[in-house]
2 protein chains.
Amino acid sequence: MKPKLNDVAQLAGVSVTTVSRVINDHGYLSEKTKQKVFAAMRELHYQPNNMARSLQGKNTQLVGLIFSDISNPFFAELVSRIEKLLFAKNYKVILCNSADDPQKERDYLQMLMANQVDGIIAGAHNLGIEEYQQYGLPIISFDRYLSDNVPIVSSDNFNGGWLAAQTLQQAGADKIAIFTGKSHAGSPTNGRREGYEAYLKQQGLTAHVHELPFELSPALKTMEIRTILENHDYNGIFCSDDLTALLTVNVAQQLKISIPDELRLVGYDGTALIRNYHPALTTIEQPLADISTLLVSLLLQRIDDANCKLEEKYILPVKLIKGTTA
Amino acid sequence: MKPKLNDVAQLAGVSVTTVSRVINDHGYLSEKTKQKVFAAMRELHYQPNNMARSLQGKNTQLVGLIFSDISNPFFAELVSRIEKLLFAKNYKVILCNSADDPQKERDYLQMLMANQVDGIIAGAHNLGIEEYQQYGLPIISFDRYLSDNVPIVSSDNFNGGWLAAQTLQQAGADKIAIFTGKSHAGSPTNGRREGYEAYLKQQGLTAHVHELPFELSPALKTMEIRTILENHDYNGIFCSDDLTALLTVNVAQQLKISIPDELRLVGYDGTALIRNYHPALTTIEQPLADISTLLVSLLLQRIDDANCKLEEKYILPVKLIKGTTA
DNA sequence: ATAAAAATGATAAACGTTTGACATAACGTT
DNA sequence: AACGTTATGTCAAACGTTTATCATTTTTAT
């Protein structure tokens, strides 16, 4: 059997009370007994049972992370960063891939509640999950409205879209399209699209919006893109995520459309993966380091003080990463 | 306050015992009371406290996942798959990015113990963590020796290396190098290298091994690769992971070395990301679906029956994905 | 030597649930 | 009407810890 508090006490020749005091640094303690107890704990490889502790009212030090799918490099990097930050603060992370399925998301929420997590960071894509507020739990959201009183951290999507369009134009494009996800209210890509549209309007250019459903497989997306490129003579395209930009590069290559001479391209996200392995791609970088730091810091504030006042929205600036595609 | 068993009992007009019986499907129960209780649970949004349950001896239904870093697309996809499979079996996942730091890995192990996880799947890169066996916990390892009695699931690295070399030769290369990670005992890339060396030997060709330390940043790796390509006239290169292959493609482009005419290239891993967004890259695909399924299934077997007999090693076949780089 | 402060212990209640022992009530069957 | 079966209830112990209370001993300062 696993060693218990009692076993440690016996080995150290002290009472359970004392051992508990040592662990929780509570009350008077001499250096000598502390050492004895620590020694015993080491010898037995004792690990306090977190279940029992949290039953006593202690925090579980667990945080739930709900994202659509970490096999998407953007979320992978975000989750990786969040996990590292939280671990440094002695929190552990329960990972949830909601797969953009509202029911799964609901199930995850329930599960996280049952596991007494101290808080949640959510960045999934499903909208209208009313459940979020009804558990009085600290929640911070990434890039998407969940419910009132859930602060949103996001990058400046509007300005990102604007910047992308501007970059394309300044690179010589004047027939500029956007490839974006399905637009439902609250979706983060909406802001990007609005920024793009606003810039084009200001410049007296027409917007050409192509919606490529988010859940489409890359193969199908490729086909769509191919059709679009064959039937229009765009000389600039803003892809509202970098992966779609990569597909577009591939299609252009197949169609022998030269980039950036005939077609300029700007992506969005600018993960480390893209910057490192596709330095050629011009893209709008979301400040992932700042985003994750802010998400974690806000969450910890809320955990610390359940009704501390936080802003409704935190919008972080984006940055143009100049490659050679625009 | 959160609703408790007692609140549900009151609302349903039954005893706590009955509610508990309903939840655990234990003993005699009429359909009528079941419905009453379920209704009350729904109305109160009741969630049984998993901490209290597991104190009672129930499983926590928690599994720890220790991987070096999920911002690497290979691990991202693996973890994503594992999480999905486990969620379907009613298990939750605690994510650990060990960052290839033995101390962090040790800390994670302790933490997982303290949280009473039912089992662990580990795929980190650090060797010599003796701690793994001393906790009598179900563990399955991916692609790396941890300790006796910890089953290893891996893809057929040797054959993968062999296949890569063979592919390069059949594509017309006769001066074939390998870019691989630092070789320490137990590292999975060793097998790939051995397969490569064995094939070259069989064909009477010389091996050219370049070790690019795993932890090198992409920028530094790029420099190294550049130096290598400038100073040797290889016409075939086997990169023991796809990301390095991408870097090599980039460098070759810069140096105006044409692929595959002057230089043939084979990568390793073949994640969905690579197959979807870099279909041109010839690579050796690890069967991620099978790997994750097997990892999960073995772990669940061990959780079910702590001393069920499992093989020492499970080696899954790899597959050549033919692109245009070799 | 004395008092105050510091260190430890014994005991027990509490956290929310499960589960067994036992009792009893309702129901259907003969 | 008697019986077995099914359904529910009461009660209490248990899981491993924390923490408060009270008591006792040891140490330190005067």
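Below, chains carry the letters A, B, ... as their sequence lines are ordered, and counting in each starts from 1.
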* Kindly write out the residues that satisfy side-chain hydrogen bond (donor to acceptor under 3.5 Å, both in side chains) with A:Tyr91, not counting sequence neighbours, or none if the list is empty. => none

* Asked: Counting only non-hydrogen atoms, which of residues 9-19 of chain A are less than 4.0 Å from DNA chain C?
  -> A:Gly13, A:Val14, A:Ser15, A:Thr17, A:Thr18

* Asked: Hey, what's the ring geometry for B:Tyr108 with A:Phe87, parallel, tilted or perpendicular (30° and 60° as the breaks)?
  -> parallel

* Structure fact -> A:Pro151 and A:Ile139 have their tightest heavy-atom pair at CD-O, 3.5 Å

* Please list, chain by chain and in numerical order, all residues satisfying side-chain hydrogen bond (donor to acceptor under 3.5 Å, both in side chains) with B:Glu43, sequence neighbours excluded. => none

* Asked: Can you check whether A:Leu300 reaches A:Lys89 side chain to side chain, under 4.5 Å on heavy atoms?
  -> yes

* Asked: For B:Ser30, which residues count as a side-chain hydrogen bond (donor to acceptor under 3.5 Å, both in side chains) partner, sequence neighbours excluded?
  -> B:Thr33

* To do: Kindly write out the residues that satisfy salt bridge (charged side-chain N to carboxylate O under 4.0 Å, His left out) with B:Glu77, not counting sequence neighbours, or none if the list is empty.
  => B:Arg81

* May I ask you to list the residues of residues 46-60 of chain A, by number, that have any heavy atom positioned under 4.0 Å from an atom of DNA chain C? => A:Leu55, A:Gln56

* Asked: Would the number of heavy atoms belonging to other residues, nucleotides or ligands and lying under 6.0 Å from NZ of B:Lys313 be above 12?
  -> no

* **Set of side-chain hydrogen bond (donor to acceptor under 3.5 Å, both in side chains) partners for A:Asn90, sequence neighbours left out** => none

* **Partner set under salt bridge (charged side-chain N to carboxylate O under 4.0 Å, His left out) for B:Asp69, not counting sequence neighbours** => A:Lys84

* **Contacts of A:Leu55 that satisfy side chain to side chain contact (heavy atoms under 4.5 Å, CB included) - sequence neighbours left out** => B:Asn49, B:Ala52, B:Leu55

* Partner set under side chain to side chain contact (heavy atoms under 4.5 Å, CB included) for B:Asp305, not counting sequence neighbours -> B:Asn307, B:Cys308

* Structure fact -> Residues in residues 20-38 of chain A with a heavy atom under 4.0 Å of DNA chain D, by number, are A:Ser20, A:Arg21, A:Asn24, A:His26

* Structure fact -> Contacted region of DNA chain D by chain B, from 5' end to 3' end of the hits, cut-off under 4.0 Å to heavy atoms, spans D:dT6 to D:dG16

